[in-house]
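Heads up, the thing below is written out as structure tokens.
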Amino acid sequence: AQSVTQPDIHITVSEGASLELRCNYSYGATPYLFWYVQSPGQGLQLLLKYFSGDTLVQGIKGFEAEFKRSQSSFNLRKPSVHWSDAAEYFCAVVVPDTGRRALTFGSGTRLQVQP
Amino acid sequence: EAGVAQSPRYKIIEKRQSVAFWCNPISGHATLYWYQQILGQGPKLLIQFQNNGVVDDSQLPKDRFSAERLKGVDSTLKIQPAKLEDSAVYLCASSLSGGGRSETQYFGPGTRLLVL
């Protein structure tokens, strides 16, 4: 079945440590890939997106993600986490050329940052 | 550039009452989406409009939910009558939808609904 999986429900890291959030997808074709962040009581903010081309994508707030076709993955990374990064992170996909442009979201990963 | 606007931000109603949410997308964006986000889950599409026509409403509970997008700009989402399980955040998003990078969706702040 077509799906987006975020295997980690909850991750805790220390401030200043590196971060990697996992995202895997299961689709026949390579979808468009997105990472969104949602702070408590806020809407969804786009961090970065991949459509084609360079597989390492730079986003806002110092985040980057790498698309790996062989692993059907699009993991989000940050070299040094700040306390303000504590939030819920969602991976999402759009399958191109299907006429259906709505995002399909993973279940999210909640990031907690320890001082 | 102004973002996606939504109102109200919060709403508390009793079950069986009705409620309406409003969304104003980014100017020039042809496609508008309503998503429902239940606590602890990712958002799920309720309905997608292209200009003022419905593209996808397969996940909309049509016995109680309705939505319209008059003149291809603003949109309203209505629930009547509300059930306890409708407690959620209702997110509106918009995109240019000309293919490729214009498929990027931008979200409003959401309306948090609590049904008692």
Begin from the C-alpha positions of Tyr33(B) and Leu103(A) and carry the test side chain to side chain contact (heavy atoms under 4.5 Å, CB included) through to its verdict.
CA-CA 9 Å; Tyr33(B) 311 80; Leu103(A) 288 160; over 6 Å; no
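Put simply, of Gln37(B), Arg112(B), Gln50(B), the one with the most heavy-atom pairs under 4.5 Å next to chain A is Gln37(B).
Rounding to the nearest 0.5 Å gives a distance of 5.0 Å between CZ of Phe107(B) and OH of Tyr36(A).
Contacts of Leu44(A) with chain B are made by both backbone and side-chain atoms, with heavy-atom separations under 4.5 Å. Neither the backbone nor the side chain of Gln6(A) comes within contact range of chain B; no heavy atoms are under 4.5 Å apart.
Within 6.0 Å of the NZ atom in Lys62(B), the count of heavy atoms belonging to other residues, nucleotides or ligands exceeds 12. The environment of Leu116(B) atom CG is dense: over 12 non-hydrogen atoms of other residues, nucleotides or ligands sit within 6.0 angstrom. Heavy atoms of other residues, nucleotides or ligands lying less than 6.0 angstrom from CG of Leu56(A) number more than 12. More than 12 non-hydrogen atoms from other residues, nucleotides or ligands lie less than 6.0 angstrom from CD of Gln17(B).
Sorted by first and then second residue, the pairs that involve residues 19-47 of chain A and meet salt bridge (Lys or Arg N to Asp or Glu O under 4.0 Å), not counting sequence neighbours, are Asp8(A)-Arg22(A).
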